[in-house]
> 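I have a structure I would like to understand better, so I am pasting it below and will then ask my questions one at a time.
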Amino acid sequence: MGSTETPDNSSSTTRVTAPAASRTAAGIVDSAHPYYLHPSDYPGMNLVSSVFDGKAYGGWRRAVVIALSAKNKLGFIDGSLVVPEADSGLKKAWARCNHMVLPWLLNSLSKEIAENVLYLQSAKDLWSDLEDRFGQTNGAKLFQLQKELSGVVQGNTSVSTYFTKMKSLWDELDALNTFSACVCDCECGAKAKSHKAHQDERLLMFLMGLSDTFIGVRSNILLSSPLPSIGKAYSLVIQDEKQ
């Protein structure tokens, strides 16, 4: 009987591993794999809330990157997920995902821009085309943003509306990488000082645009040493506005 049990255990092992191998060969992957498509995913889905019409590329780009990262599909636009080898069993799974990400991107573009990239074969090619056309920092764009910033004042609007407008322009500038940030691990404190100086500059810009109604709280903020963060200053002004 011992000789009979051994073949039975061996065949049992074979029956367990064979389906796993066939699943890989068939291109079926688990939910943690980048090639996995959720049942709720469909080509007509809107990836972001607003379409890109040629303006504010930085903000739109960030929204798309966050959405694709959440769906584990960022590799289809950054080039890290290349076409698998034919014998890997995953080429069809890659193609299905690529053909899903492509319409997601097209749905996030205005009709005019979408028509210009409609026939590109991969999500990576489409993304690269958009980056080449709209993602390059240029002097004209920087001039436009800085000009808008210089003209932003509170006027008759609420502090919240004024601050939101200013912060949106700051965020767009940051998305364009308009200033260099030190990424090294240094002990001299230059990195922290540079960041603080950058934040103080924006704080002063915010205070200068405030209505004269807030001259009291503005004076108190300017007398602080060191100067508070922008968030803290905004909180103080909001409290004064409510009073």
Side-chain angles (χ1 to χ4, degrees), residues 14-137 141 145 164-165 167-177 183:
T14 302
R15 284 195 297 272
V16 171
T17 56
S22 64
R23 282 197 299 270
T24 302
I28 302 175
V29 293
D30 61 41
S31 59
H33 199 283
Y35 297 164
Y36 174 78
L37 289 174
H38 193 272
S40 64
D41 292 336
Y42 63 99
M45 187 179 68
N46 291 322
L47 194 62
V48 293
S49 59
S50 58
V51 300
F52 174 61
D53 59 359
K55 300 177 182 178
Y57 177 74
W60 176 86
R61 181 187 188 279
R62 176 170 171 76
V64 170
V65 167
I66 291 174
L68 288 179
S69 178
K71 287 185 168 293
N72 202 18
K73 297 294 184 289
L74 192 57
F76 285 91
I77 65 171
D78 66 14
S80 59
L81 291 175
V82 296
V83 183
E85 297 294 335
D87 58 359
S88 69
L90 293 173
K91 189 171 183 178
K92 289 184 178 179
W94 181 94
R96 283 196 301 271
C97 289
N98 176 66
H99 291 154
M100 187 68 75
V101 177
L102 263 173
W104 287 350
L105 294 175
L106 290 171
N107 295 341
S108 303
L109 300 171
S110 67
K111 181 180 178 181
E112 292 75 14
I113 297 177
E115 288 176 348
N116 289 329
V117 294
L118 181 62
Y119 294 102
L120 294 176
Q121 297 300 309
S122 72
K124 173 64 171 65
D125 290 342
L126 189 155
W127 189 255
S128 296
D129 184 273
L130 294 176
E131 290 279 81
D132 289 341
R133 283 197 283 163
F134 303 105
Q136 302 300 316
T137 303
K141 182 61 176 177
L145 290 173
T164 299
K165 172 63 176 176
K167 191 175 185 304
S168 67
L169 292 171
W170 287 338
D171 290 343
E172 193 169 353
L173 277 172
D174 290 343
L176 292 174
N177 295 318
V183 295

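Just so we're clear, the structure is a prediction, and the values are computed from it rather than from any experiment.
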> With sequence neighbours excluded, what pairs up with N107 under the side-chain hydrogen bond (donor to acceptor under 3.5 Å, both in side chains) test?
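Here no residue qualifies.
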> Do any N or O atoms from the side chain of N98 and from the backbone of F76 form a donor-acceptor pair under 3.5 angstrom?
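No; judged by distance alone, with no hydrogens or angles, the pair does not exist.
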> Listed by chain and number, what are the salt bridge (charged side-chain N to carboxylate O under 4.0 Å, His left out) partners of R62, not counting sequence neighbours?
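Not a single residue meets the salt bridge (charged side-chain N to carboxylate O under 4.0 Å, His left out) criterion with R62.
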> Would you please name every residue forming a side-chain hydrogen bond (donor to acceptor under 3.5 Å, both in side chains) with K91, sequence neighbours left out?
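Counting only residues at least two positions away or on another chain, K91 forms no side-chain hydrogen bond (donor to acceptor under 3.5 Å, both in side chains).
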> Could you tell me whether a side-chain N or O of D30 sits under 3.5 Å from a main-chain N or O of H33, the two making a donor and an acceptor?
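Present.
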> Distance from S122 atom OG to H99 atom NE2, nearest 0.5 Å?
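So the OG of S122 and the NE2 of H99 are separated by 9.0 Å.
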> Please round to the nearest 0.5 Å and tell me the distance separating atom OG of S110 and atom CG of N116.
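Here the rounded value is 8.5 Å.
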> Once you round to the nearest 0.5 Å, how far does CG of L126 lie from CD1 of I113?
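Between L126 CG and I113 CD1, I get 10.5 Å after rounding to 0.5 Å.
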> For a quick test of reading the model, state the closest non-hydrogen atom pair linking C97 to K73 and the distance between them.
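Looking at all heavy atoms of both residues, the shortest contact is SG-CE, 3.9 Å.
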> Which residues satisfy the side-chain hydrogen bond (donor to acceptor under 3.5 Å, both in side chains) test with D53, sequence neighbours excluded?
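Applying side-chain hydrogen bond (donor to acceptor under 3.5 Å, both in side chains) to D53 gives none.
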> Is there side-chain contact between W104 and L68, with at least one heavy-atom pair below 4.5 Å?
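Yes - at least one pair of side-chain heavy atoms lies under 4.5 Å apart.
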> Run the side-chain hydrogen bond (donor to acceptor under 3.5 Å, both in side chains) test against E131 and tell me which residues pass, sequence neighbours left out.
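E131 satisfies side-chain hydrogen bond (donor to acceptor under 3.5 Å, both in side chains) with Y57, R61 once adjacent residues are dropped.
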> Let me check something: any side-chain donor-acceptor pairs from residues 39-51 under 3.5 Å, sequence neighbours excluded? List them with distances.
unit_1: S40; atom_1: OG; unit_2: H38; atom_2: ND1; d: 2.8
unit_1: D41; atom_1: OD1; unit_2: K71; atom_2: NZ; d: 2.8
unit_1: D41; atom_1: OD2; unit_2: H38; atom_2: N; d: 3.0

> What I'd like to find out is whether the side chain of W60 reaches to under 4.5 Å of the side chain of L109, using heavy atoms alone.
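Yes, side chains in contact.
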> What closest approach, in Å, do S80 and G75 show between heavy atoms, and which atom pair accounts for it?
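Reported closest heavy-atom pair: OG-CA, 3.2 Å.
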> Kindly compute the distance separating CG (L37) from OG (S31), expressed to the nearest 0.5 Å.
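It comes to 12.0 Å.
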> How about L169 and K165: do any of their side-chain heavy atoms sit closer than 4.5 Å?
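Result yes, sub-4.5 Å side-chain heavy-atom pair found.
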> Would a 4.5 Å heavy-atom cut-off, applied to side chains only, mark L130 and L105 as touching?
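Result no, sub-4.5 Å side-chain heavy-atom pair not found.
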> Can you tell me how far the CG atom of D129 sits from the CG atom of L120, to the nearest 0.5 Å?
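Separation between the atoms: 5.5 Å.
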> Check whether K124 reaches the backbone of D78 with its side chain - one donor and one acceptor, N or O, closer than 3.5 Å.
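The answer is no, because no donor-acceptor pair under 3.5 Å joins these two groups.
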> Return the minimal non-hydrogen interatomic distance between P84 and Y35, and the atom names on each side.
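Residues P84 and Y35, closest heavy atoms: CG-OH, 3.5 Å.
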> Report yes or no: does W94 contribute a side-chain atom to a donor-acceptor pair with the main-chain N or O of L81 at less than 3.5 Å?
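Yes: the side chain of W94 pairs with the backbone of L81.
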